[in-house]
Amino acid sequence: MMMAEKQVICKCGHPSLMRSGKDWCAKCGRPLFYEGRDRGRHRRNTLFVTAALLAGIGMVVYLFMEMIVAHIGG
């Protein structure tokens, strides 16, 4: 959906004209958002995905330790 043009300034100081909900800064590559609430959603989503990946890696390491290393050691 196209919205009215809005100038958004990135944290690096580069101004961008936005016509959609999310765009990327041409200078530093950070995400830019048309509305402030979308920035919060993006941050929560990033934290959730990171936590899920860490939990998955932790579970794989735990299973490896229980099934393989425990039998080799004793």
Side-chain angles (χ1 to χ4, degrees):
M1 180 172 87
M2 298 299 282
M3 301 175 191
E5 283 191 354
K6 180 179 180 181
Q7 184 173 7
V8 178
I9 298 176
C10 182
K11 289 182 180 179
C12 68
H14 185 260
S16 297
L17 284 176
M18 294 188 62
R19 295 183 196 112
S20 61
K22 180 180 176 185
D23 202 3
W24 299 92
C25 179
K27 186 175 179 183
C28 67
R30 290 184 179 140
L32 298 173
F33 300 97
Y34 193 84
E35 295 182 22
R37 67 179 181 189
D38 293 336
R39 184 179 306 115
R41 287 182 189 164
H42 175 73
R43 184 175 187 95
R44 282 190 302 275
N45 188 32
T46 303
L47 288 173
F48 175 76
V49 168
T50 303
L53 285 173
L54 288 175
I57 291 169
M59 183 177 290
V60 169
V61 168
Y62 172 75
L63 291 174
F64 176 77
M65 296 295 283
E66 284 294 321
M67 295 179 127
I68 296 173
V69 176
H71 293 292
I72 291 173

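These figures come from a predicted structure and were not determined experimentally. Counting begins at 1 with the first residue of the sequence. Heavy atoms only: backbone and side chains are in, while hydrogens, waters and symmetry mates are out.
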Run the side-chain donor-acceptor check on residues 22-33: report pairs under 3.5 Å with partners two or more places apart or on a different chain.
none

Under 3.5 Å, which donor-acceptor pairs link side chains of residues 42-50 to any protein atom two or more places apart or in another chain?
residue: Thr46; atom: OG1; partner: His42; partner atom: O; Å: 2.8
residue: Thr50; atom: OG1; partner: Thr46; partner atom: O; Å: 2.8

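Residues passing the side-chain hydrogen bond (donor to acceptor under 3.5 Å, both in side chains) test with Gln7, sequence neighbours excluded: none. Residues passing the salt bridge (charged side-chain N to carboxylate O under 4.0 Å, His left out) test with Glu66: none are found, sequence neighbours excluded.
In this structure, Tyr34 contributes its side chain and Ala4 its backbone to a donor-acceptor pair below 3.5 Å.
Listed by chain and number, the hydrophobic cluster partners of Tyr62 are Met59, Leu63, where partners are ILVMFWY side chains within reach of under 4.5 Å, directly or through others.
When hydrophobic clusters are built by joining Ile, Leu, Val, Met, Phe, Trp and Tyr residues whose side-chain heavy atoms come closer than 4.5 Å, directly or via intermediates, Val61 is grouped together with Ile68.
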